[in-house]
Amino acid sequence: MDMEKLVALCRRRGFIFQSSEIYGGINGFWDYGPLGVELKKNIKDAWWNDMVRNPPPGPDGQEISMVGVDCSIIMNPKVWEASGHVGGFADLMVDCRACKAHLRADQITALMYVKNVAGVDEPPAYFTAIGDADEVRKQKAKKIKKLESAGFLYRDAVTLQIPMENEHYARIECPSCEQIGTLTRPRRFNLMLESHAGAVLDDASKVYLRPETAQGIFANYRNVLDSTRLKLPFGIAQVGKAFRNEINPRNYIFRSREFEQMEIEFFCHPSESMKWYEFWRDVRKAWYTKLGIKSDNLRPREQGKEELAHYSIGTTDIEYMFPFAAEPQELEGVAHRGCYDLQQHERHSGKDLHYFDEEAWETALKSGQVQNTKEAKQDERYRFLPHVIEPSAGADRFLLATLCEAYAEEEVKGETRTVMRFHPRLAPIKAAVFPLVNKEGMPEIAQRLYRELKSNWNVQYDDKGAVGRRYRRQDEAGTPYCITIDGQTLQDQTVTIRDRDTLQQERIAMSQVAEEIRKRL
RNA sequence: GCGGGUGUAGCUCAAUGGUAGAGCACCUGCCUUCCAAGCAGGCUACGAGGGUUCGAUUCCCUUCACCCGCUCCA
């Protein structure tokens, strides 16, 4: 599939426009047009319905408790200190002044070689490469051999995120162009977008646009618990905008600076966390398949140990094989975050975020296993920080996958037909109503049917041009059903319903149209 | 962020140092009884800013956006 053709169709049909296009656009920001907003809304509604209001049964067939929140985009900046996004947010980066390479400091390993003459070290030599010490040895084998034969000995291996003295740092070579002393010192790039709340533009008024919706959930975890009578395990969900100051937005809407997330934080007892992690991983993958993503384009990928965030016990990326990339790209990450987030917020806020399992406590008390003392209540069997499973999905990324998956061109009677094969549940327009010709009372009947249907669904009426052209127009919009009022309708009150994918028409009673659409959606 | 490329109508493309033309699409009307038919008419463009020039869409500079490669993607 050709991305350029998809982008052109999305623009032509009003799915996606570049933001601020009349001013030349702005890198990393996109607008959804009339069809795009319907598609996106359907995606978010499907997620909310299938995950929050009516989630699938849990691993043991039990009902799952899920509730939602909708938090502010701007929060107290301390939230981002606790979450680690301020300061620790971005990786340390180094730039090469000579070859302009832009590299992650922690991925560059430097091997130090020193020649010791009469108890005094000569200036050291460094060899670097992207990767671990073995990688450096492999890449620089020849040079190292040469140096060793000159009497230098291996002394140490460090990554560039370790602070270093100036005279040493000046002898580091760029792993890309191999020039010595051309690397800048490691620097942090702030990937959070900033603003100011309040009239005065100073550091005290500095606020951040949230880089993820998750922290709003953690910050409200206590509130939700106290206001709902929820018992562990349970999930809190949120759909909303998030912002990241991506250095290099690319690939259409895949990596934008403003995007929408659909996130769940599922809180459970530590001993059950692996079970829930596996549950959500499987549920989330199945959800994409159900909504029309072919499973061979969908790759769940367990992250390797070296990729994992330091607090995570396990993470699965659900990846999709986009046409613009050779490797599958992440649609959603299902992360086992342990108790990291609640622990961080407990430390930074000073508020108690532990969960007290009253049921377990009562049971233990009744059976005489414990004494009713303050100390006993502190036992981690009854009082603990819940573990968290986080399925975090990108709404825009799934929308893009949906577009890529739906796009099809095919030959119909020597003509090329372009059709968006959306899952009917996601299709922006559910049905279109046509009078076959604009006479003999057909438009009036068609209008009446149109008005009836649009009280339930997004439906279009079209009487312009030949009927074949109207069908093709709806194909590009991905409308699953087209209903045509023809001469026979005047005789027997039947209409044809045409299927987008098979092009087959079926004749049904006009009074049954709404019921038929409901059945098929 | 670096290197390369591109930027003329909604789309695909053309021409030109003297302010632009076609096909498709779109709109109006006629015609049309099932998959982009036909006829007539119509709308719409030199990405932005600056410079050179009597005059710039064309030459130069800057900038913005997009594409490809590298890098990055907490």
Side-chain angles (χ1 to χ4, degrees), chain A residues 3-5 7-9 11-14 17-29 80 83-104 106-107 130 175-177 184 187-192 211-212 244-252 254-257 259 307-310 312 317 324-327 329-330 333 394 397 410 412-419 434-440 442 463-476 482-490 495-500 503-505 507:
Chain A
M3 272 313 277
E4 274 186 41
K5 284 186 173 175
V7 172
L9 182 142
R11 180 177 150 66
R12 185 170 71 242
R13 288 292 157 178
F17 308 120
Q18 200 180 4
S19 170
S20 331
E21 197 189 82
I22 61 169
Y23 289 102
I26 177 167
N27 196 350
F29 297 89
W80 307 112
S83 69
H85 287 87
V86 174
F89 186 81
D91 292 302
L92 287 164
M93 304 295 299
V94 297
D95 289 304
C96 173
R97 294 184 195 93
C99 73
K100 307 296 180 193
H102 183 69
L103 306 155
R104 253 174 76 175
D106 65 339
Q107 288 184 343
I130 295 167
S176 176
C177 69
T184 61
R187 292 179 293 195
R188 256 176 233 291
F189 286 74
N190 188 6
L191 292 195
M192 276 198 293
E212 60 176 34
R244 292 179 195 185
N245 203 6
E246 297 287 355
I247 294 166
N248 192 0
R250 276 284 169 93
N251 292 327
Y252 203 29
F254 182 79
R255 177 166 299 118
S256 315
R257 293 192 168 123
F259 55 98
E307 286 179 275
L308 288 176
H310 64 276
S312 183
D317 287 341
F324 55 72
E327 298 292 317
Q329 302 287 316
E330 182 181 347
R397 288 184 174 186
E410 58 183 30
V412 177
K413 294 181 184 165
E415 297 267 5
T416 301
R417 180 173 84 118
T418 304
V419 54
F434 310 147
L436 187 57
V437 287
N438 285 309
K439 56 185 187 188
E440 295 168 22
M442 291 181 207
D463 61 2
K464 291 286 183 287
V467 73
R469 180 180 294 271
R470 289 179 247 162
Y471 284 135
R472 296 297 173 84
R473 268 201 285 264
Q474 294 300 330
D475 288 341
E476 281 202 340
C482 291
I483 293 126
T484 303
I485 277 67
D486 59 9
Q488 197 176 329
T489 310
L490 308 171
V495 298
T496 61
I497 179 164
R498 175 256 199 192
D499 184 277
R500 176 194 67 201
L503 303 180
Q504 295 303 305
Q505 284 179 300
R507 187 163 280 281

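The chains referred to below are lettered A, B, ... by the order of the sequence lines, with proteins before strands, and numbering in each begins at 1.
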| What string of B, S and - do you get for nucleotides 7-13 of chain B, 5' to 3', if B is base contact, S is sugar-phosphate-only contact and - is no contact with any protein heavy atom under 4.0 Å? | ---SS--
| request: Kindly write out the residues that satisfy salt bridge (charged side-chain N to carboxylate O under 4.0 Å, His left out) with A/E21, not counting sequence neighbours, or none if the list is empty. | output: A/R11
| query | Which part of the nucleic acid does A/R417 contact within heavy-atom distance under 4.0 Å: base, sugar-phosphate only, or nothing? | reply | nothing
| request: For A/G487 and for A/F254, locate the closest nucleotide of RNA chain B by heavy-atom distance; then report the residue assigned to the nucleotide nearer the 5' terminus. | output: A/G487
| field | Side-chain donor/acceptor of A/Y471 to base of B/rC34, under 3.5 Å | value | yes
| query | Rounded to whole angstroms, how far apart are CG on A/L436 and C1' on B/rC34? | reply | 6 Å
| task | Please work out if A/E476 contacts a base, only the sugar-phosphate, or nothing of the nucleic acid, heavy-atom cut-off 4.0 Å. | result | base
| note | Each base of RNA chain B marked ( ) or [ ] if paired in-strand (Watson-Crick or G-U under 3.5 Å), | if paired to another strand and . if unpaired gives (((((((..((((....[..)))).(((((.......)))))....(((((..]....))))))))))))....
| query | Can you tell me how far P of B/rC66 sits from CZ of A/F324, to the nearest Å? | reply | 14 Å
| message | Expressed as a whole number of angstroms, how long is the span from A/D475:CG to B/rC34:P? | response | 18 Å
| request: Look at all strands and tell whether A/E21 reaches a base, only sugar-phosphate, or nothing, counting heavy atoms closer than 4.0 Å. | output: nothing
| message | On a heavy-atom basis, which atom in A/W80 and which in A/E212 lie closest, and how many Å separate them? | response | CH2-O, 3.7 Å
| remark: Quick tally for nucleotides 43-49 of chain B: nucleotides whose base has a protein heavy atom under 4.0 Å get B, sugar-phosphate-only ones S, the rest -, giving -------
| query | What is the distance, rounded to the nearest whole Å, between atom NZ of A/K464 and atom P of B/rC31? | reply | 15 Å
| task | Please check if the side chain of A/N438 supplies one atom and the backbone of A/D463 the other of a donor-acceptor pair under 3.5 Å. | result | yes
| query | C1' atom, B/rC24 versus B/rC34: distance in rounded Å? | reply | 23 Å
| Whole-angstrom distance between B/rC27 and B/rC43, as gauged at atom P | 16 Å
| request: For the side chain of A/Q18, starting at C-beta, report the closest nucleotide among B/rG1, B/rC66, B/rC34. | output: B/rC66
| A/R469 has a side chain; which of B/rC34, B/rA37, B/rA65 sits nearest to it? | B/rA37
| remark: Taken to the nearest whole Å, CG/A/N438 to C1'/B/rU32 is 10 Å
| More than 12 non-hydrogen atoms from neighbouring residues, nucleotides or ligands closer than 6.0 Å to CD on A/E410, yes or no? | yes
| said: What's the gap between B/rG29 and B/rA15 when it is taken at their C1' atoms, as a whole Å value? | reply: 33 Å
| message | Less than 3.5 Å apart, any donor N or O on the side chain of A/R498 or A/Q474 sitting next to an acceptor on the other? | response | no
| remark: Ranking A/T484 and A/A466 by the position along RNA chain B of their nearest nucleotide, the one closer to 5' is A/T484
| task | Take atom P in B/rU63 and the same atom in B/rU71, then report the distance between them in whole Å. | result | 25 Å
| said: Going by salt bridge (charged side-chain N to carboxylate O under 4.0 Å, His left out), A/E476 matches just one of A/R470, A/R13, A/R469. Which one? | reply: A/R13
| message | Expressed as a whole number of angstroms, how long is the span from A/I483:CD1 to B/rC35:P? | response | 18 Å
| message | Keeping A/R417 on the side-chain end and A/R472 on the backbone end, is there a donor-acceptor pair under 3.5 Å? | response | no
| task | Dump the intermediate steps for side-chain contact (heavy atoms from CB on, under 4.5 Å) on A/Y252 and A/F324, then the final yes or no. | result | CA-CA 9 Å; A/Y252 203 29; A/F324 55 72; 5.8 Å; no
| With a 4.5 Å limit on heavy-atom distance, are the side chains of A/L503 and A/Y471 in contact? | no
| Partners of A/R250 by salt bridge (charged side-chain N to carboxylate O under 4.0 Å, His left out), sequence neighbours excluded? | none
| query | What is the distance, rounded to the nearest whole Å, between atom CD1 of A/I485 and atom C1' of B/rC34? | reply | 13 Å
| Residues in salt bridge (charged side-chain N to carboxylate O under 4.0 Å, His left out) contact with A/R500, at least two apart in sequence or another chain | none
| Between B/rA25, B/rG1, B/rC34, which nucleotide has the shortest distance from any of its atoms to the side chain of A/R250? | B/rG1
| request: For B/rC64 versus B/rA25, give the span between their P atoms, rounded off to a whole number of Å. | output: 38 Å
| task | Tell me which nucleotide among B/rA36, B/rA65, B/rC34 gets nearest to the side chain of A/D486. | result | B/rC34
| message | Nearest whole Å is fine: how far is B/rC35 C1' from A/E410 CD? | response | 11 Å
| request: With P as the reference atom in both, quote the distance from B/rA56 to B/rA22 in angstrom, rounded to an integer. | output: 25 Å
| With respect to the side chain of A/E440, which nucleotide from B/rC34, B/rU33, B/rC35 is positioned closest? | B/rU33
